[in-house]
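To start, the structure under review is shown below, and the notes come after it.
Every number for a ligand or one of its atoms is a count from 1 in the order of the listing. Index from 1, following the sequence.
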Amino acid sequence: MRHSVPVSLSAAPGSPGSPTGPRAVDTLLADRGQLFRALFLSAPIGKAVVDVEGRILVVNPALCALTGRTAEELIGRHLDLLAHPDDIPLEDEPAVAVPGATPLDPHLEVLGERRLQRADGSTVWVQQARELVHRTNGDPHFVVLSLVDVTDRRRAEEDLVRRALTDPLTGLPNRRSLTDRLQHALNLSRRRGGPVGLVYLDLDRFKAVNDSLGHEAGDQLLCQVADRLRWSTRVEDTAVRLGADEFLVLAEEVDDIEGLRTLAERLMRVLDDPFHVNDREIVLSASMGLTLGLDAAPDALLKQAHGALTRAKAGGGRGRVEVHDEALADGDVDQLQLESDLRHAVDAGELRLFYQPIVALSDETLLGYEALIRWQHPTRGLLPPGAFLEAAENNRLTSKLGAWVLRQACTDAAGWDPDLRVHVNISARHLAEPGFSDLVAAALEESGLESGRLELEITESTALFAAEATLRSVSEVTASGVTLALDDFGTGYSAITALHRLPIHTVKIDRSFVADVVTEPSTAALVQGLLQLGQGMGLEVIAEGIEDEDQATWLRDHGCTMAQGYAFGRPAPLPASPEAASV
Ligand code: C2E
Ligand code: MG
Ligand code: MG
């Protein structure tokens with residue numbers, strides 16, 4: 001070894017009589033080479049002798065192994081060679097000057113854990129300690145640096161922390177992790193001046209999957225849902241599993257409630273495709289509660305989103321999105337924008353008709369389709385009627401929109417199998433407009449559709465509050481052979497009166513009743529009453545919103561003959577040919 005190290009122990013050498021007392025030390029120091037080898041060269045932990053400016057003078061083999069470098073590569077270099085490039089350079093950290101003490105290189109001031117970079121670029125965590133070696137005159141001469149590899153312990157700790165913050169089933173961040181992330185996002189959002197959005201999501205009828213297919217299948221399904229959420233969110237969003245079948249998406253860069261709605265709709269579509277578990281196809285939907293917050297506490301924001309979710313699920317609703325009320329405070333601006341966009345939409349050809357099958361409950365024969373409007377919005381994607389029909393009611397668009405639907409539906413239906421009928425929803429305002437019956441006649445004539453194949457759907461309140469002029473217009477239409485259906489039957493508490501005012505042909509039992517007809521005895525009794533009422537008055541009855549076999553069986557057993565619902569087909573763009581349309 002080139003450097004002979006004049007050693008003077010900085011620590012007191014122990015009290016007389018102890019095993020390391022002055023006599024023992026004297027004996028050991030008699031052969032410094034042997035002592036150096038024992039304490040330094042063959043020590044199992046990385047050691048270096050470094051001058052006070054941080055230049056490496058001597059290293060032991062353990063340090064070479066730790067850093068992945070040879071002694072030649074290390075000796076003569078500054079300690080910053082070992083520093084991790086992602087750490088703030090120690091030279092930039094403010095120095096803590098201790099009065100009277102000789103300043104050491106900042107790398108030598110570190111006591112405790114730090115990370116280093118090995119020659120191959122990998123990271124190693126070490127526990128750093130040092131021993132100052134003084135000259136005989138008391139000035140610092142060298143530093144003996146000890147670096148103990150603690151990477152394994154560090155990894156184990158990180159793993160523990162990660163596991164504490166991760167949902168073990170799906171691998172998504174868990175509720176505990178959400179609180180931190182949300183707080184962090186809110187701090188950032190205050191600086192950014194834009195809000196943070198939450199989409200609180202609960203799978204509909206997940207319990208039924210668990211009950212019928214078992215918990216293992218339920219777990220598989222949850223993992224698939226988690227994967228879809230993970231892959232469909234943007235980098236600035238975080239999907240979290242809150243527990244059971246509850247998930248949450250934290251959107252950090254969202255402009256307004258419409259932006260958040262767009263995200264919610266995207267998530268909804270992502271869950272729309274059937275899932276496959278144990279060779280079974282499972283169709284799921286989710287209900288969602290949305291909120292936005294800027295200067296809110298994380299807990300308060302979570303409560304708001306949960307409150308909105310509770311409303312979305314109220315009354316057995318499925319696939320519904322509700323927004324926390326205050327988050328809608330600037331909704332007026334959006335509404336105006338929506339109206340002006342919608343005005344262009346009709347002319348720009350952005351409206352679409354989706355068709356949902358109506359079937360015979362006995363053998364699922366296709367009887368016809370209900371036309372349901374959609375808006376292919378240029379920036380917000382495909383919008384359901386709930387997102388824009390109200391805007392149409394607020395201005396003079398009603399008749400323009402209604403006329404487009406009627407004409408388009410008649411034209412489409414004229415190309416189908418002649419046994420299939422088409423149902424078209426008519427708004428109260430449109431029905432009350434002078435010239436409505438002429439419009440129906442024109443739509444039939446232009447398309448060549450036979451009048452008996454057209455059924456107009458109106459709601460109870462439309463029928464109830466219709467003025468005399470409307471009633472006259474309706475009777476002109478029905479006289480031509482067009483039939484009338486009472487939509488959402490039973491929701492208005494005035495069903496019977498409505499039935500007497502207009503020549504109703506069909507009643508459609510609202511899907512809110514169908515949703516819990518199997519599980520709720522009071523609903524079952526009510527639906528039985530509605531079915532008997534319909535039959536007693538010689539009306540056709542269609543049950544809406546049938547989602548599963550149990551509901552279908554119950555309704556079939558109780559005398560309902562026609563049905564519509566996800567169980568038989570979702571609303572979809574027009575099939576290419578009548579054959580392809582069969583369900
Ligand atoms: P509606 O006439 O009662 O139409 C049935 C609604 O229930 C549709 O929603 C349909 O997608 C949904 N639905 C059908 N089966 C199921 C099911 O099994 N489960 C669940 N959860 N939902 C089901 P959509 O398309 O969002 O339409 C909502 C409402 O908007 C319609 O209710 C109708 O009142 C109105 N609407 C749709 N298109 C038009 C239109 O062209 N003109 C007018 N004036 N109103 C329309
Ligand atoms: Mg309808
Ligand atoms: Mg309905």
Atom CD of Glu520 with >12 non-hydrogen neighbours under 6.0 angstrom = yes

Look at atom 23 (C) of ligand 1 and find which of Trp404, Phe354, Tyr566 reaches it with the closest heavy atom.
-> Tyr566

In terms of side-chain geometry, is the basic nitrogen of Lys313 or Asp204 positioned less than 4.0 Å from the acidic oxygen of its partner?
-> yes

Closest to the Mg ion (ligand 2), which N/O/S atom of Glu457 is it?
-> OE1

Among Leu351, Leu372, Thr459, Ile373, closest by any non-hydrogen atom to atom 40 (C) of ligand 1 | Ile373

Nearest atoms (heavy-atom pairs only) where Leu353 meets Ile373 = CD2-CA, 4.0 Å

Give the atom name of whichever N/O/S atom in Glu370 sits closest to the Mg ion (ligand 2).
-> OE2

Should Gly319 be listed as contacting ligand 1, given a heavy-atom distance under 4.0 Å as the test?
-> no

Considering only heavy atoms of Leu389, which atoms of ligand 1 have at least one such atom less than 4.0 Å away?
-> 35 (C), 36 (N), 43 (C), 45 (N), 46 (C)

Quick one: does ligand 1 sit under 4.0 Å from the side chain of Asp488, the backbone, both or neither, non-hydrogen atoms only?
-> side chain

List every atom of ligand 1 that sits less than 4.0 Å from any heavy atom of Gly545, numbering the atoms from 1 in the order shown and giving each element.
-> 15 (N), 16 (C), 17 (C), 18 (O)

List every atom of ligand 1 that sits less than 4.0 Å from any heavy atom of Glu457, numbering the atoms from 1 in the order shown and giving each element.
-> 2 (O)

Is it true that some N/O/S atom of Asp487, main chain or side chain, lies under 2.8 Å from the Mg ion (ligand 2)?
-> yes

Just let me know how His430 lines up against ligand 1, side chain, backbone, both or neither, with a heavy-atom cut-off below 4.0 Å.
-> neither

If we number the atoms of ligand 1 from 1 as shown, the ones under 4.0 Å from a heavy atom of Ile546 are 18 (O)

CZ of Arg280: more than 12 outside heavy atoms within 6.0 angstrom?
-> no

Arg228 bridged to Asp273 by N-O distance under 4.0 Å = no

Short N or O distance, Asp487 and ligand 1, threshold 3.5 Å exclusive | yes

Does ligand 1 have a heavy atom under 4.0 Å from the side chain of Val405, from its backbone, from both, or from neither?
-> side chain

Side-chain donor-acceptor pair under 3.5 Å between Tyr369 and Asp412, yes or no?
-> no

Over all atoms of both residues, closest heavy-atom pair of Ser399 and Glu433 = CB-OE1, 3.0 Å

Mind checking whether Glu547 has a heavy atom under 4.0 Å from ligand 1?
-> yes

Should the proximity of Leu401 to ligand 1, defined as any heavy atom under 4.0 Å, be assigned to the side chain, the backbone, both, or neither?
-> neither

Please work out whether any backbone atom (N, CA, C, O) or any side-chain heavy atom from C-beta onward of Gln356 is under 4.0 Å from ligand 1, and answer side chain, backbone, both or neither.
-> side chain

Pick one of side chain, backbone, both or neither for how Arg570 approaches ligand 1, counting any non-hydrogen atom pair under 4.0 Å.
-> neither

Is ligand 1 less than 4.0 angstrom away from at least one heavy atom of Arg320?
-> no

Would you kindly specify which portion of Glu544 sits under 4.0 Å from ligand 1, judged on non-hydrogen atoms: side chain, backbone, both or neither?
-> side chain

The option among Pro385, Ser427, Ala371 carrying the non-hydrogen atom nearest to atom 44 (N) of ligand 1 is Ser427

Would Arg234 and Glu253 pass as an ion pair if we require N to O under 4.0 Å?
-> no

With heavy atoms and a 4.0 Å threshold, my read on which part of Asn425 contacts ligand 1 is both

